[in-house]
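No hydrogens, no waters, no symmetry mates; every other heavy atom, side chains included, goes into these values. Just so you know, these numbers come straight off a predicted model, no measurement behind them.
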Amino acid sequence: MSVRADLHIHTTASDGTWTPAELITEAQKQQLGLIAVTDHDSVANVAKAMTLAAAAGITVLPAAEICSTKEDLSFHILGYGIDIHNKQLLELMQHNEALLEQKDVDSIHLLARDGWPVDEAEFARYTYDRRRGGWRALSYLIDKGLCTGVSDFFQRIFTPEHDLGFPEFPAISEVITVIHAAGGAALCAHAASGFHGPGLERVLDILRTEKFDGFECYHSNHSEEGTQRLLQHCKKHGLLISGGSDCHGTFVPGRRLGQPLVTADMLRLDGLLPQDVK
């Protein structure tokens with residue numbers, strides 16, 4: 001049988017709940033032979049995961065999921081096969097992390113302005129356990145009894161009505177250039193999910209001039225129709241094909257490690273995988 005794969009997983013280095021050790025334990029339970037730790041704008045847990053995975057007989061593809069912006073929409077770009085020590089890549093991710101940290105501060109400020117019972121000075125002192133998953137402002141609002149979880153946050157709080165939205169991240173072309181300079185391939189993440197808003201065909205139209213190496217065709221939030229459309233697009237244009245759960249440990253309900261079922265023979269990752277991974 002072909003090796004089972006999950007090339008989209010988050011840990012405590014961004015907004016997941018699992019440490020590298022816990023991830024490898026869970027990957028063994030799911031009989032995964034190929035994984036990628038794809039934390040948002042961070043590679044902090046990649047090296048540790050690779051060391052632990054090697055002892056468990058699991059291959060780890062070094063990776064990260066990097067934020068970008070185009071036409072006021074946020075796009076996540078999976079950088080696979082990257083040099084996790086590349087200076088330009090690390091600087092780009094640090095820039096994005098700073099933008100997200102400032103967004104937390106701005107979010108609490110705007111909610112306070114709108115009369116929510118939050119305190120900016122209190123938030124400045126607030127810390128949270130990263131093993132909870134998520135991010136600082138979300139945990140603060142949950143602890144204040146103002147939010148029930150990630151879905152509630154995006155449906156009711158992080159909305160245009162509160163002047164809240166994602167930061168202006170670097171352009172897609174810049175992110176792809178940096179990934180390539182770090183020796184990696186750049187694939188657009190979850191293009192057929194509802195994350196982007198306008199639908200897959202509009203997303204493909206927006207991205208038609210961008211130099212992606214491929215797309216994440218298999219994803220926990222893709223419909224079968226969306227998956228097949230992306231596979232068709234990749235095969236037509238000779239692009240790389242990836243897939244994964246987008247699992248955040250226990251943080252995002254419904255996203256389970258190893259789901260959807262993906263095997264190495266369903267992927268096209270030319271030159272990125274060891275020859276014995278089939």
Chemist: Between H162 and W116, is the ring centre distance below 6.0 Å?
Modeler: yes

Chemist: Consider only side-chain heavy atoms of I, L, V, M, F, W and Y, link residues closer than 4.5 Å, and tell whether L230 and L261 are in one cluster.
Modeler: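 Each belongs to a different hydrophobic cluster.
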
Chemist: Check this for me: does any side-chain nitrogen of one of R229 and E224 sit under 4.0 Å from a carboxylate oxygen of the other?
Modeler: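 Salt bridge flag = no for E224 with R229.
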
Chemist: Could R130 and D15 be called an ion pair, given the rule that one side-chain N must be under 4.0 Å from one carboxylate O?
Modeler: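 Not counted as a salt bridge, because no side-chain N and carboxylate O are separated by less than 4.0 Å.
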
Chemist: Looking at residues at least two apart in the chain, or sitting in another chain, which of them share a side chain to side chain donor-acceptor pair (under 3.5 Å) with Q155?
Modeler: none

Chemist: For E22, is there an ion pair with R131 - N to carboxylate O distance below 4.0 angstrom?
Modeler: yes

Chemist: Judged by modelled atom types alone, do S14 and D39 share a side-chain donor-acceptor pair under 3.5 Å?
Modeler: yes

Chemist: Which heavy atom of I82 sits nearest a heavy atom of A64, and at what distance?
Modeler: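 Looking at all heavy atoms of both residues, the shortest contact is CD1-N, 3.9 Å.
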
Chemist: Check whether T69 reaches the backbone of D72 with its side chain - one donor and one acceptor, N or O, closer than 3.5 Å.
Modeler: no

Chemist: Would you say L141 ends up clustered with V105 if hydrophobic residues are merged whenever their side chains have heavy atoms under 4.5 Å apart, either directly or through other cluster members?
Modeler: yes

Chemist: Measure the spacing between CZ of R255 and SG of C247 and express it to the nearest 0.5 Å.
Modeler: 9.0 Å

Chemist: I need the L146 CG to D152 CG distance, nearest 0.5 Å.
Modeler: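 Between atom CG of L146 and atom CG of D152 there are 10.0 Å.
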
Chemist: Measure from the side-chain N and O atoms of T38 to the backbone N and O of E65, and report whether any donor-acceptor pair falls under 3.5 Å.
Modeler: no

Chemist: Testing the basics here: between L34 and V3, what is the closest heavy-atom pair and its distance to 0.1 Å?
Modeler: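 Minimum heavy-atom contact is N-CG1, 3.8 Å.
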
Chemist: Sequence neighbours left out, what passes ring-ring contact (aromatic ring centres under 6.0 Å, His included) with F251? Give chain and number order.
Modeler: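 Here no residue qualifies.
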
Chemist: Between R208 and D205 (side chain of the first, backbone of the second, donor and acceptor by atom type, cut-off under 3.5 Å), is there such a pair?
Modeler: yes

Chemist: Under the 6.0 Å and 45° cation-pi test, does R136 pair with F123?
Modeler: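 Relative to the ring axis of F123, which defines the angle, R136 lies inside both limits.
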
Chemist: Taking R4 for the side chain and G258 for the main chain, is one N or O donor matched with an acceptor at less than 3.5 Å?
Modeler: yes

Chemist: Can you confirm whether more than 12 heavy atoms, excluding those of R256, are under 6.0 Å from its CZ atom?
Modeler: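 Atom CZ in R256 is not crowded, with 12 or fewer foreign heavy atoms closer than 6.0 Å.
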
Chemist: Between Q28 and T25, does any side-chain donor sit less than 3.5 Å from a side-chain acceptor?
Modeler: no

Chemist: How far apart are the closest heavy atoms of G243 and L267, and which atoms are they?
Modeler: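 Shortest heavy-atom separation between G243 and L267 comes out as N-CD2, 3.8 Å.
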
Chemist: Going from NE2 on H233 to CG on L207, what distance comes out if it is rounded to the nearest 0.5 angstrom?
Modeler: 8.0 Å

Chemist: Ring centroid separation for F169 and F75, is it under 6.0 angstrom?
Modeler: no

Chemist: Any side-chain to backbone donor/acceptor pair from H219 onto C217? Under 3.5 Å, distance only.
Modeler: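 Checking the backbone N and O of C217 against the side chain of H219, no donor-acceptor pair under 3.5 Å is found.
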
Chemist: Could you check whether Q30 and E26, counting side-chain N and O atoms only, form a donor-acceptor pair closer than 3.5 Å?
Modeler: no

Chemist: Compute the centroid of each ring, for H222 and then for H190, and state whether the two points are separated by less than 6.0 Å.
Modeler: no

Chemist: Could you measure the distance from the CG atom of L92 to the SG atom of C67? Nearest 0.5 Å is fine.
Modeler: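 The CG atom of L92 sits 9.5 Å away from the SG atom of C67.
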
Chemist: Side chain of K211, backbone of S173: donor and acceptor closer than 3.5 Å?
Modeler: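 The answer is no, because no donor-acceptor pair under 3.5 Å joins these two groups.
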
Chemist: Got more than 12 heavy atoms from elsewhere within 6.0 Å of CD, E225?
Modeler: no

Chemist: With a sphere of 6.0 Å drawn around CD of Q31, does it hold more than 12 non-hydrogen atoms of other residues, nucleotides or ligands?
Modeler: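 No, the 6.0 Å shell around CD holds no more than 12 heavy atoms from other groups.
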
Chemist: I'd like to know whether Y140 forms a ring-ring contact (aromatic ring centres under 6.0 Å, His included) with W135, so could you lay out the CA-CA distance, the side-chain angles of the two residues, the decisive distance to 0.1 Å, and finally the verdict.
Modeler: CA-CA 9 Å; Y140 175 75; W135 51 96; over 10 Å; no

Chemist: Where the side chain of S2 meets the backbone of A264, is there a donor-acceptor pair that is under 3.5 Å apart?
Modeler: yes

Chemist: Show me, pair by pair, the donor-acceptor contacts under 3.5 angstrom made by side chains of residues 44-53, not counting sequence neighbours?
Modeler:
| from | atom 1 | to | atom 2 | distance (Å) |
| --- | --- | --- | --- | --- |
| N45 | ND2 | T11 | OG1 | 2.8 |
| N45 | ND2 | T12 | OG1 | 3.3 |
| T51 | OG1 | A47 | O | 3.2 |

Chemist: Checking N96 against H40: is there a side-chain donor and acceptor pair closer than 3.5 Å?
Modeler: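 Their side chains do not contain a donor-acceptor pair, so the 3.5 Å distance test is not met.
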
Chemist: Do S245 and D6 pass the side-chain hydrogen bond (donor to acceptor under 3.5 Å, both in side chains) test, and can you show the C-alpha distance, the side-chain angles, and the key distance before you say yes or no?
Modeler: CA-CA 6 Å; S245 62; D6 190 333; 2.6 Å; yes

Chemist: With distance as the sole criterion, is a donor-acceptor pair present between the side chains of T159 and E161 under 3.5 Å?
Modeler: yes

Chemist: Is there a path of hydrophobic side-chain contacts, each under 4.5 Å between heavy atoms, that joins F154 and L111?
Modeler: yes

Chemist: Just checking, is any N or O donor in the side chain of Y80 or D213 under 3.5 Å from an acceptor N or O on the other one?
Modeler: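 Result is no, nothing qualifies.
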
Chemist: Within this structure, what is the CD1-CG distance for the pair I9 and L7, rounded to the nearest 0.5 Å?
Modeler: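 Reported value, rounded in 0.5 Å steps: 7.5 Å.
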
Chemist: Show your reasoning for whether salt bridge (Lys or Arg N to Asp or Glu O under 4.0 Å) applies to E168 and K103.
Modeler: CA-CA 10 Å; E168 182 77 17; K103 176 55 64 174; over 6 Å; no

Chemist: Taking atom OG of S107 and atom CG of D163, what is their separation to the nearest 0.5 Å?
Modeler: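 It is 10.5 Å, given to the nearest 0.5 Å.
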
Chemist: Can you name the closest pair of heavy atoms from C147 and I157 and give their distance?
Modeler: CB-CD1, 3.8 Å

Chemist: Okay, side chain of D104, backbone of A137: is any donor-acceptor separation there less than 3.5 Å?
Modeler: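 Checked: pair present.
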
Chemist: Under 3.5 Å, is there a donor-acceptor pair between the side chain of D41 and the main chain of M93?
Modeler: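 The answer is no, because no donor-acceptor pair under 3.5 Å joins these two groups.
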
Chemist: Main chain of R132, side chain of D129: is a donor-acceptor contact present, judged purely on distance under 3.5 Å?
Modeler: no

